[in-house]
Amino acid sequence: MIDVDHQINAVSRTVGKRVFKAGEARIVTVSQAYDAPLDDVWDACTNPERLPRWFAPVTGDLTLGGTYAVQGNASGTIERCDPPKGFFATWEYGGEVSWIELSLTPEGDDRTRFRLEHIAHVDDERWARFGPGAVGIGWDLSVMGLARHLSGALPVDPAEFEAWGRSDQGKAFITAAGEGWYEADVAGGETPEVARTAADRTLAFYRGEGPGHESEAPTD
């Protein structure tokens with residue numbers, strides 16, 4: 001389906017903190033450059049006809065002030081929109097609110113950098129349990145999907161994608177992404193011991209390993 005090593009190495013992952021709204025927030029950032037013009041990447045990220053081809057079906061009003069819903073996942077409100085440079089929106093899931101900020105920057109006429117920040121108020125205990133991979137691995141899967149879509153690959157059937165996630169290649173991708181977020185966590189200031197424990201717990205969840213792993217689900 002993909003070249004795992006190439007895709008993992010194409011992604012930049014960072015972890016940080018900043019004061020945001022109610023207090024100090026954790027920031028998980030994923031970034032990748034695509035061989036596609038800015039307008040095409042913007043359209044892929046905002047066109048409800050294209051979103052299901054690489055991300056998921058998204059319904060609602062995808063304009064400033066509008067509300068949206070990602071099928072089987074989060075919903076939210078678009079709080080800022082600056083086509084084709086990016087948008088800022090709430091990400092509401094499981095009774096909690098976090099935020100996503102998409103920034104698109106041209107790197108020449110036919111190359112665009114995609115940068116997404118996921119901003120959340122996460123208490124220290126939960127962060128120590130699951131770390132940045134809890135949301136980071138999911139975003140890794142998304143930027144991989146966008147890479148395939150922009151390269152002209154056919155849309156993947158959801159059942160086929162789920163089966164791929166259980167395959168050796170799928171598990172290798174998830175493992176490599178999890179290791180990337182472990183490294184980003186340490187680079188962001190977490191101790192290697194705490195980051196390692198969190199990464200292993202989150203990877204076990206994503207790979208469906210271990211008894212009772214369902215109860216150890218990280219918060220998306």
Side-chain angles (χ1 to χ4, degrees), residues 1-2 7 11 20-21 25 27-32 34 36-105 112-122 133-166 170 173-174 177 205-206 214 217-220:
M1 183 178 182
I2 63 164
Q7 176 59 32
V11 176
F20 180 78
K21 293 186 182 291
I27 305 172
V28 172
T29 305
V30 61
S31 175
Q32 181 170 356
Y34 298 110
L38 176 64
D39 287 342
D40 187 38
V41 180
W42 171 257
D43 188 66
C45 293
T46 58
N47 186 331
E49 294 184 359
R50 294 180 69 178
L51 283 164
R53 302 176 195 172
W54 65 271
F55 183 58
V58 179
T59 56
D61 179 9
L62 304 183
T63 60
L64 181 62
T67 59
Y68 72 91
V70 180
Q71 182 174 298
N73 204 310
S75 60
T77 300
I78 300 170
E79 297 187 341
R80 187 167 68 246
C81 189
D82 184 20
K85 297 178 181 179
F87 63 78
F88 183 87
T90 63
W91 184 264
E92 302 172 31
Y93 181 83
E96 297 183 346
V97 180
S98 55
W99 296 264
I100 56 172
E101 182 166 15
L102 172 68
S103 302
L104 301 179
T105 307
T112 303
R113 178 158 296 279
F114 170 109
R115 183 175 185 269
L116 186 137
E117 290 187 344
H118 195 142
I119 306 161
H121 295 107
V122 183
V135 296
I137 293 174
W139 289 120
D140 251 287
L141 289 165
S142 296
V143 296
M144 180 266 288
L146 181 56
R148 294 186 71 259
H149 174 65
L150 293 171
S151 69
L154 293 174
V156 176
D157 179 87
E160 292 179 358
F161 184 76
E162 185 176 349
W164 175 80
R166 297 191 299 267
F173 179 89
I174 289 169
F205 166 76
Y206 270 96
E214 295 86 354
T219 300
D220 197 292

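The figures that follow rest on heavy atoms only: side chains count, while hydrogens, waters and symmetry mates do not. When a residue number appears, it is its place in the shown sequence, counting from 1.
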Undergrad: With rounding to the nearest 0.5 angstrom, report the CD1 to NZ distance, I119 to K21.
TA: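 Answer for the CD1-NZ pair, I119 versus K21, is 9.5 Å.
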Undergrad: What heavy-atom pair brings T77 and G65 nearest, and what distance separates the two atoms?
TA: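 T77 and G65 have their closest heavy atoms at CG2-O, 4.0 Å.
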Undergrad: Is the ring pair H121/W99 parallel, tilted or perpendicular, if the boundaries are 30 and 60 degrees?
TA: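 Judged by the thresholds at 30° and 60°, the geometry between H121 and W99 is perpendicular.
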Undergrad: Is a side-chain donor or acceptor of S98 paired with a backbone partner of W91 at a separation under 3.5 angstrom?
TA: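 Judged by distance alone, yes, a pair lies under 3.5 Å.
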Undergrad: Could you tell me which non-hydrogen atom of P48 sits nearest to which non-hydrogen atom of L62, and how far apart they are?
TA: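 Smallest interatomic distance, heavy atoms only, reads CD-CD1, 4.1 Å.
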Undergrad: Roughly how far apart are Y68 OH and E92 CD, rounded to 0.5 Å?
TA: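 With rounding to 0.5 Å, OH (Y68) is 7.0 Å from CD (E92).
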Undergrad: For the pair T112 (side chain) and A36 (backbone), establish whether a donor and an acceptor sit closer than 3.5 Å, ignoring hydrogens and angles.
TA: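 Side chain of T112 to backbone of A36, a donor-acceptor pair under 3.5 Å: yes, one is there.
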Undergrad: Any heavy-atom pair between the side chains of I100 and H118 that's under 4.5 Å?
TA: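 Side-chain contact under 4.5 Å: yes.
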Undergrad: What's the spacing between L146 CG and F114 CZ if we round to 0.5 Å?
TA: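 L146 CG to F114 CZ: 6.0 Å, rounded to 0.5 Å.
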Undergrad: Does one side chain, of S31 or R113, offer a donor that lies under 3.5 Å from an acceptor on the other?
TA: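 Note: S31 and R113 side chains meet the donor-acceptor criterion.
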Undergrad: Nearest 0.5 angstrom please: R50 CZ to L150 CG, how far?
TA: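 If I round to the nearest 0.5 Å, the distance is 6.5 Å.
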Undergrad: Quick one: CG on L141 to CH2 on W54, what's the gap to the nearest 0.5 Å?
TA: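 Reported to 0.5 Å precision, the distance equals 11.5 Å.
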Undergrad: Show, in sequence, the C-alpha distance, side-chain angles and deciding distance for R115 and T29, and conclude whether the side chain to side chain contact (heavy atoms under 4.5 Å, CB included) test is met.
TA: CA-CA 7 Å; R115 183 175 185 269; T29 305; 3.8 Å; yes
Undergrad: Would you name the heavy atoms of V11 and Q32 that are closest together and state the gap between them?
TA: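 Reported closest heavy-atom pair: CG2-OE1, 3.5 Å.
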Undergrad: Please name the pair of heavy atoms, one in Y206 and one in I174, separated by the smallest distance, quoted to 0.1 Å.
TA: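 Scanning both residues completely, I find the closest heavy atoms to be CB-CG2, 3.7 Å.
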Undergrad: Can you see which heavy atom on T46 is nearest to which on L51, and at what distance?
TA: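 It is C-CD1, 4.2 Å.
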Undergrad: How far does CZ of F87 sit from CG of L64, to the nearest 0.5 angstrom?
TA: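 The CZ atom of F87 sits 12.5 Å away from the CG atom of L64.
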Undergrad: Any side-chain heavy atom of V70 within less than 4.5 Å of one from F55?
TA: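 Touching, per the 4.5 Å side-chain cut-off.
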Undergrad: What I'd like to find out is whether the side chain of T90 reaches to under 4.5 Å of the side chain of E79, using heavy atoms alone.
TA: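 Of all side-chain heavy-atom pairs linking E79 with T90, at least one is under 4.5 Å.
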Undergrad: Mind listing the closest non-hydrogen atom pair of R148 and I2 along with its distance?
TA: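 Heavy atoms of R148 and I2 come nearest at CD-CG2, 3.6 Å.
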